[in-house]
Participant: 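Let me give you the structure first, and then I'll get to my questions.
Side chains included, hydrogens not; waters and symmetry mates left out as well; all remaining heavy atoms used. As the structure is a prediction and not an experimental result, all values here were calculated from the model.
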Amino acid sequence: MPEKARAVFEQPRVIAPNLDALQIALGKLFAASGELAIKKINRHDEKPGLDGLPGFRGIWCELEDDNLVGFSILTPNQDRFLIWSRDHYYPAFAVDSIEGKIRDWYARSVSEYLASIDFKVPDNSIPNAAERRLPGWMELYPTPPPMAESSGEKLNELMAANAEIKIWGWGGLTAFIPSEAAIERFISSATDTLYHDKNAILFQDEFRRFLEAGGTPNQVIALSRAVFDTLPSGMYSFAVDAYGRVRVASRARAQMQYTTETGAVSARPGHDMLFPGSGVLTAGNMEITNSGGHTAIKVISTRSGSYFYSPISPTVRADVTRNSETYLLSLGHLFASLQAMQIPLDSVLIRKF
């Protein structure tokens, strides 16, 4: 990432659903407390200070000191976009061949459109890079690439043919309940590899459709022992980030909605929505049962179309046939985090897919 862009992401950010109301509130708060003097509160396009993210605007608050220390105020969707774009979008804005004013104009349109989702303004149109004669990779919702596997059925057949688990010299197993020693071996065998979203090009459109179908970001759950004990029975997607944090989301079929324009639309978060834009140490699905006040994990797999077995990735066949054992061993990170939360693993059935 260019150094100027990196500076953007090192600035502290405040997330709020209404920028203008918060701007007024901050001014009153700081004036009354006398603890922090605000020199100016501007729109980013007036005083962006964001050379790596030109045009993208929230509200910039600058403190009264010679170092021009400040912070930005963004809506939740704007902040989510910045997290995602750190790796997948805005570093490309440093390309010298792109007309700066047109690029900034488009970036401003993107920021305003994302804010309008939080403001619930229905008549904001989706920004179109092509209409501004900008390259296709700059589109907020680019055309999806063709699938590497022509159908989900073929992918399932490929996985079924490679379901055998071959770790530590084992063979002839497609699923097993690990002993305490095996759990510890998983933990010691897990590498620090961060896996990134193979479907990143689809993420913005997937998130838009998720919101349109009635999904909400609070469907993503930060796991703790207290939260775990309240989860209803069902299937959940999970991911573990670089800090060992675990997030889950229900995969219940009841969260599917349909529209006449697009057919089936999912109102449940995908794996890539659990830590949007960030690499993960492991990901997959788990089945949880809650009976008589006793909550337990019954099945865990590393099936994740976002991080491991992407249907659009040209490496999907190699992932299934050769890399699936490595992905399976990455579960050691999940087990380490669950142990730290004192979530029992004594009845977990493990499989690859």
Participant: Hey, does Arg251 have a side-chain heavy atom less than 4.5 Å from the side chain of Arg268?
Facilitator: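 When only atoms from C-beta onward are counted, Arg251 and Arg268 do touch, with a gap below 4.5 Å.
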Participant: Not counting sequence neighbours, which residues clear ring-ring contact (aromatic ring centres under 6.0 Å, His included) with Phe228? List them please.
Facilitator: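 If we apply the ring-ring contact (aromatic ring centres under 6.0 Å, His included) test to Phe228, skipping adjacent residues, there are no hits.
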Participant: Do any pairs count as a salt bridge (charged side-chain N to carboxylate O under 4.0 Å, His left out) and have a residue in residues 319-331, sequence neighbours left out, and if so which ones?
Facilitator: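 Passing the test, one end in residues 319-331: Lys198-Asp319, Glu325-Lys352.
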Participant: Kindly determine whether Thr216 and Asn218 satisfy side-chain hydrogen bond (donor to acceptor under 3.5 Å, both in side chains), including the steps that lead there.
Facilitator: CA-CA 5 Å; Thr216 61; Asn218 62 12; 2.5 Å; yes
Participant: Just wondering, do Pro76 and Asp79 contact through their side chains at under 4.5 Å, heavy atoms?
Facilitator: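 No. Closest side-chain heavy atoms not under 4.5 Å.
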Participant: Taking all non-hydrogen atoms of both residues into account, name the closest pair between Tyr113 and Ser125 and its distance.
Facilitator: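 Minimum heavy-atom separation between Tyr113 and Ser125: CD1-O, 3.5 Å.
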Participant: Measuring from Ile297:CD1 to Ile300:CD1, what's the distance to the nearest 0.5 Å?
Facilitator: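 Rounded to the nearest 0.5 Å, the CD1-CD1 separation comes to 4.5 Å.
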Participant: Taking only residues at least two apart or on different chains, which pairs with a member in residues 218-239 satisfy salt bridge (charged side-chain N to carboxylate O under 4.0 Å, His left out)?
Facilitator: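 Residue pairs passing salt bridge (charged side-chain N to carboxylate O under 4.0 Å, His left out), neighbours aside: Arg225-Asp229.
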Participant: Between the main-chain N or O of Met273 and the side-chain N or O of Glu206, is there a donor-acceptor pair closer than 3.5 Å?
Facilitator: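 Here the side-chain-to-backbone pair does not exist.
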Participant: Determine whether Ile221 and Phe238 make a side-chain contact, defined as any pair of heavy atoms from C-beta on separated by less than 4.5 Å.
Facilitator: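 They are not in side-chain contact.
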Participant: For the side chain to side chain donor-acceptor pair (under 3.5 Å) test, which of Asn285, Asn199, Asp197 pairs with His271?
Facilitator: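 Only one of Asn285, Asn199, Asp197 forms a side chain to side chain donor-acceptor pair (under 3.5 Å) with His271, namely Asn285.
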Participant: Looking only at heavy atoms, which two atoms of Pro178 and Val348 are closest? And how far apart?
Facilitator: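 Looks like CD-O, 3.1 Å.
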Participant: Report yes if the side chains of Met286 and Leu334 come closer than 4.5 Å at any heavy-atom pair, otherwise no.
Facilitator: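 Counting from C-beta outward, Met286 and Leu334 do come under 4.5 Å.
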Participant: Please check: side-chain N/O of Ser301 versus main-chain N/O of Arg351, any donor-acceptor pairing under 3.5 Å?
Facilitator: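 Between the backbone of Arg351 and the side chain of Ser301 there is no qualifying donor-acceptor contact (under 3.5 Å).
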Participant: State whether the side chain of Gln78 and the backbone N or O of Thr75 hold a donor-acceptor pair below 3.5 Å, judged by distance alone.
Facilitator: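 It does hold such a pair.
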Participant: Taking only residues two or more places apart in sequence or in another chain, which ones pass side-chain hydrogen bond (donor to acceptor under 3.5 Å, both in side chains) with His333?
Facilitator: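 Here no residue qualifies.
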Participant: What residues, two or more places apart in sequence or in another chain, satisfy side-chain hydrogen bond (donor to acceptor under 3.5 Å, both in side chains) together with Asn290?
Facilitator: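 Listed in chain order: Thr295.
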Participant: Can you tell me how far apart CG (Leu211) and CD1 (Ile117) are? Round to the nearest 0.5 Å.
Facilitator: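 CD1 of Ile117 is found 6.0 Å from CG of Leu211.
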Participant: Go through the structure and list residues passing side-chain hydrogen bond (donor to acceptor under 3.5 Å, both in side chains) with Glu157, not counting sequence neighbours.
Facilitator: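 By the side-chain hydrogen bond (donor to acceptor under 3.5 Å, both in side chains) rule, Glu157 matches no residue at all.
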Participant: Indicate the atoms forming the closest heavy-atom contact of Arg108 with Ser111, along with that distance.
Facilitator: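 For Arg108 versus Ser111, the nearest heavy atoms are O-OG, 2.8 Å.
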Participant: Under the ring-ring contact (aromatic ring centres under 6.0 Å, His included) test, which residues partner Trp168, sequence neighbours left out?
Facilitator: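 Listed in chain order: Trp170, Phe186.
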Participant: Quick one: list whatever passes side-chain hydrogen bond (donor to acceptor under 3.5 Å, both in side chains) with Ser313, sequence neighbours left out.
Facilitator: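 Ser313: side-chain hydrogen bond (donor to acceptor under 3.5 Å, both in side chains) contacts with Thr315.
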Participant: Return the set of residues passing salt bridge (charged side-chain N to carboxylate O under 4.0 Å, His left out) with Arg317 (not counting sequence neighbours), or none when no residue passes.
Facilitator: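 Counting only residues at least two positions away or on another chain, Arg317 forms a salt bridge (charged side-chain N to carboxylate O under 4.0 Å, His left out) with Glu149.
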Participant: Do the charged groups of Arg208 and Glu212 touch, with an N to O distance under 4.0 Å?
Facilitator: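 Glu212 and Arg208: salt-bridged.
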Participant: Going by salt bridge (charged side-chain N to carboxylate O under 4.0 Å, His left out), name the residues that satisfy it together with Arg185, two or more places apart in sequence or in a different chain.
Facilitator: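 Arg185: no salt bridge (charged side-chain N to carboxylate O under 4.0 Å, His left out) contacts found.
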Participant: With a 4.5 Å heavy-atom cut-off, do Val227 and Val248 have their side chains touching?
Facilitator: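 They are not in contact (no side-chain heavy atoms under 4.5 Å apart), so the answer is no.
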Participant: Please round to the nearest 0.5 Å and tell me the distance separating atom CD of Glu139 and atom CZ of Arg132.
Facilitator: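 Reported value, rounded in 0.5 Å steps: 9.5 Å.
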Participant: Applying ring-ring contact (aromatic ring centres under 6.0 Å, His included), name anything that partners Tyr307, two or more places apart in sequence or on another chain.
Facilitator: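 Scan of Tyr307 (ring-ring contact (aromatic ring centres under 6.0 Å, His included), adjacent residues dropped) gives none.
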Participant: Would you check if Gln339 and Leu345 make a side-chain contact, meaning some heavy-atom pair closer than 4.5 Å?
Facilitator: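 SC-SC contact between Gln339 and Leu345 confirmed.
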Participant: I'd like to check Tyr236 versus Leu223 (side-chain heavy atoms, cut-off strictly below 4.5 Å). Are they in contact?
Facilitator: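 The answer is no; the side chains never approach within 4.5 Å.
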Participant: Let's go through Thr191 and Thr193 carefully: what are the C-alpha distance in whole Å and the side-chain angles of both, what is the deciding distance for side-chain hydrogen bond (donor to acceptor under 3.5 Å, both in side chains) to 0.1 Å, and is it a yes or a no?
Facilitator: CA-CA 6 Å; Thr191 68; Thr193 302; 3.0 Å; yes
Participant: Does the cation-pi check pass for Arg303 over Tyr309, that is, NZ or CZ under 6.0 Å from the six-membered ring centre and within 45° of its axis?
Facilitator: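 Geometry flag: not set, cation outside 6.0 Å or 45°.
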Participant: Sequence neighbours left out, what passes salt bridge (charged side-chain N to carboxylate O under 4.0 Å, His left out) with Arg245? Give chain and number order.
Facilitator: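 So Arg245 forms a salt bridge (charged side-chain N to carboxylate O under 4.0 Å, His left out) with Asp241.
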